[in-house]
There are 4 protein chains.
Amino acid sequence: MSTSKTPSERRTHLVRLAGDLFAEQGFRATTVRQIADAAGILSGSLYHHFDSKESIGDEILSAFLEDVLAGYRAAVAGSDDPRAAIERIVRSSTATLDRHRAALTMLQRDWNYFSGQPRFGYLRTAMKEIEQTWIDLLERGRETGVFRADLDARLTYRLLRDILWLPTSWTSSKSWTTDQIVDGLLRLLFDGIKSA
Amino acid sequence: MSTSKTPSERRTHLVRLAGDLFAEQGFRATTVRQIADAAGILSGSLYHHFDSKESIGDEILSAFLEDVLAGYRAAVAGSDDPRAAIERIVRSSTATLDRHRAALTMLQRDWNYFSGQPRFGYLRTAMKEIEQTWIDLLERGRETGVFRADLDARLTYRLLRDILWLPTSWTSSKSWTTDQIVDGLLRLLFDGIKSA
Amino acid sequence: MSTSKTPSERRTHLVRLAGDLFAEQGFRATTVRQIADAAGILSGSLYHHFDSKESIGDEILSAFLEDVLAGYRAAVAGSDDPRAAIERIVRSSTATLDRHRAALTMLQRDWNYFSGQPRFGYLRTAMKEIEQTWIDLLERGRETGVFRADLDARLTYRLLRDILWLPTSWTSSKSWTTDQIVDGLLRLLFDGIKSA
Amino acid sequence: MSTSKTPSERRTHLVRLAGDLFAEQGFRATTVRQIADAAGILSGSLYHHFDSKESIGDEILSAFLEDVLAGYRAAVAGSDDPRAAIERIVRSSTATLDRHRAALTMLQRDWNYFSGQPRFGYLRTAMKEIEQTWIDLLERGRETGVFRADLDARLTYRLLRDILWLPTSWTSSKSWTTDQIVDGLLRLLFDGIKSA
DNA sequence: GATGAATGAGTCTTCATTCAT
DNA sequence: TATGAATGAAGACTCATTCAT
């Protein structure tokens, strides 16, 4: 992944600035000049801290995926109850949103670009672990009768994973708190919109 | 909206080619040269058919929104039953996916880019009508007791609209038919994943 | 090697202009802007004709090597006399100098740069054929008693090949005609500087 | 020439490191960062020792020329025999090669660059002395019948000077010892490749 | 309608150099 | 002496667009 030695504060600050721009405009649509402008330096000066625009992206993406995977592993580790595990995943995922808006936006908008490059091979690896986790939980829940018997695990996973990551794009309009979103999601997820 | 004077077959063909590329790579990431290559002509020659890359995008987006709005209006017009209307919307939306993958991808990935330009003002207008339609239906369903009483109409709308458009990005992996996706969505939407 | 379809006259002209600059300054020290300036266009416009600076170099180098190898093969093909063959090589090489000054200078000054790139792999291949030709001739001449018995074929080859290509760098100072140089070289080569 | 006030050991070491890189890659193709990396310091820190990259080059080149000129003068001073003097020049030149590979490579590859700058004016001066020495020797040898009567002194000088400096570029392939090269050169020079 | 050639503004990146600490 | 951060000018290359033929 990234060679994160002991990132100086300056460097960390620059990554944050870049991340904000990536979140707003996407990775490819953001120019190094915009990043440099935000930092009040010349664009060439960025290369004192990073050896390429992509290495900034790398730093953001790998940090995000480490966090996400940690959340998934912790959610599964606790107990045997699939429903409880899914709820923990949803809650941890949503919590991660705020810290990693940039990464999420980058993946949503430029997935093809990143996943095609060898350098970002870890993206596919991580996604596979995430997928496997969901599918295991959904199938286990189905077998133990907690979830509907006709549930298509893979299809449901695809839907849920993407749904979970949707609200990132909204954060500009601060209409809802994170808690509201999580609860709305969980209700929708488990119970649908029908009244009981 | 679009300046579709005499949409000669050649022109229509070019728009389709461009759309395929936009769907794959996004609007901004697609170069006019790639479009021209796909058509077997030189990039400059495209300008005999369109006066800019954006006018191609315009053509694609406006056609899409006309279709979508028509679907929404038809869905609502039929009856008073909110649940039936929503099901019609979902079914019509999903049907539109195949015909308008390019437009959806463009909106998902470059919404900020388009919606910021006066030329694409109709995007915001159309979105507002879509939003209003959903909210009306959800609130009516809540009031008549068909939907849960604690349903946040606006939040649910945001979630549902985006969810509805998610599967567009998947089409590369032909794992499911459109029908499968629609049914999965409707079940999730109305009933959640819990077993009865 | 290079994909030389049907090089337009414009393209050919540009290659010549670039070659002149490469010959004077070396490949790496020459900027695309200088080439464009020489052609009276903007630097970006060069990329309408070539997809990279290196592809211009490729065009120049591969044309040169084809010419050189043709000369070597023809020189060897004629007869069995090593001394005559070497004389033909020297004469043909020197004749090639004028047409390919740029290529020679590029190889002399930036050999490490080019030979390290896969794209220019044919450079090593060609050099090997050249080396083998010399060594065969020298060894045959030694065995048949035409050349000195203590001649180190490989060492002599290295010296001779490089010596043969030296005068390219001088052409700025038009002190000698090509014929003078060839004759001087041949005398030095066969007889040394000692008086008989 | 060079501003070698107090050539501390550190400084001398740095010059040697730089020289190695210059010899491998050429002066212009070597970056100050590479030099600093080789020394284990940051590139900016080099400027505590030298006020510019060129001043490092200056140090290397002027040391070389002093050495070479000393060799030439000593070679001529000894006796009146042109042939003996030339042999001494060749032997001393070749001996200098090992100590000054960097300088030679720099001159071979970037002569135009250096000789064009006022700061390196001494290069032209030194070259003129070298040229004059050769021409004197060759003409004297021709007049006294030691060398061929039809020898073009200037042309032969140009050839010989460059030939003498050729083997520098080979040192990567350690196929021959310096002695072997010298002997090969001298035999070629005096006797040619023909068998007696 | 299409080609071939060009523009001009902008992209990421490199590199010698400077300087406060 | 060295570091860490920056400059500023330049480098190769991209791309939407224009236009004479």
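The sequence lines fix the lettering, A, B, ..., with proteins before strands; numbering per chain opens at 1.
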For F114(B) and M106(B): C-alpha separation, side-chain torsions, deciding distance, then whether side chain to side chain contact (heavy atoms under 4.5 Å, CB included) applies.
CA-CA 9 Å; F114(B) 289 117; M106(B) 287 161 70; 3.7 Å; yes
Verify side chain to side chain contact (heavy atoms under 4.5 Å, CB included) between F50(B) and V15(B), making sure each step is shown before the conclusion.
CA-CA 10 Å; F50(B) 312 94; V15(B) 172; 3.7 Å; yes
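Distances were taken from every side-chain heavy atom of K53(D) (C-beta onward) to each of dT17(F), dA16(E), dC12(E); the shortest belongs to dA16(E). Taking only side-chain atoms of V32(D), from C-beta outward, the nucleotide of dT17(F), dT17(E), dG4(F) with the closest atom is dT17(E).
A straight line from CG of D51(B) to C1' of dC19(F) spans 16 Å, rounded to a whole angstrom. Rounded to whole Å, atom P of dG1(E) lies 11 Å from atom CD of E9(B). Atom CZ in F50(B) sits roughly 11 Å away from atom P in dG1(E) (whole-Å rounding). A straight line from CG of L46(D) to P of dT1(F) spans 13 Å, rounded to a whole angstrom. A straight line from CG of D37(A) to C1' of dG8(F) spans 15 Å, rounded to a whole angstrom. Put simply, CG on L42(B) is 16 Å from P on dT17(F), counting in whole angstrom units. I35(D) has its CD1 atom 17 Å from the C1' atom of dA2(F), to the nearest Å. In this structure, CZ of R28(D) is placed 19 Å from P of dT14(E), rounded to the nearest angstrom.
Phosphate contact (OP1/OP2 of dA6(E), side-chain N/O of R10(C), threshold under 4.0 Å): present. Proximity of Y47(C) to the phosphate of dT14(F): no side-chain N or O atom is located under 4.0 Å from OP1 or OP2. The phosphate of dT11(E) has OP1 or OP2 within less than 4.0 Å of a side-chain N or O from R33(A). For dT3(E), the OP1/OP2 oxygens have no side-chain nitrogen or oxygen of H48(B) closer than 4.0 Å. A close approach under 4.0 Å does occur between a side-chain nitrogen or oxygen of H49(B) and OP1 or OP2 of dA2(E). The phosphate of dT7(F) has OP1 or OP2 within less than 4.0 Å of a side-chain N or O from S45(A).
Counting only N and O atoms by type, the side chains of Q108(C) and Q108(D) include no donor and acceptor under 3.5 Å apart.
Residues G44(D) and G40(B) both approach DNA chain E. Their nearest nucleotides, taken by heavy-atom distance, put G40(B) toward the 5′ side. The nearest heavy atom of DNA chain E to L14(B) and to S43(A) marks one nucleotide each, and the one closer to the 5' end goes with L14(B).
The aromatic ring centres of Y113(A) and F120(A) sit 6.0 Å or more apart.
Once rounded to the nearest 0.5 Å, the distance linking CG of L107(C) with CZ of F64(C) reads 6.0 Å.
Look at the P atom in both dT21(F) and dG1(E): the space between them is 22 Å, to the nearest Å.
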Return one dot-bracket line describing DNA chain F 5' to 3' (Watson-Crick or G-U wobble pairs, both distances under 3.5 Å; ( ) same strand, [ ] crossing, | another strand, . none).
.||||||||||||||||||||
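Contact annotation for I41(D): backbone-only contact, meaning every heavy-atom pair under 4.0 Å involves sugar-phosphate atoms and none involves a base.
Partner F22(C) forms a side-chain contact (heavy atoms from CB on, under 4.5 Å) with one of I35(C), T105(C), L104(C) and no other, that one being I35(C).
With sequence neighbours excluded, no residue forms a ring-ring contact (aromatic ring centres under 6.0 Å, His included) with H49(D).
Listed by first then second residue, pairs satisfying side chain to side chain donor-acceptor pair (under 3.5 Å) with a partner in residues 15-33 of chain B read Q25(B)-T30(B), not counting sequence neighbours.
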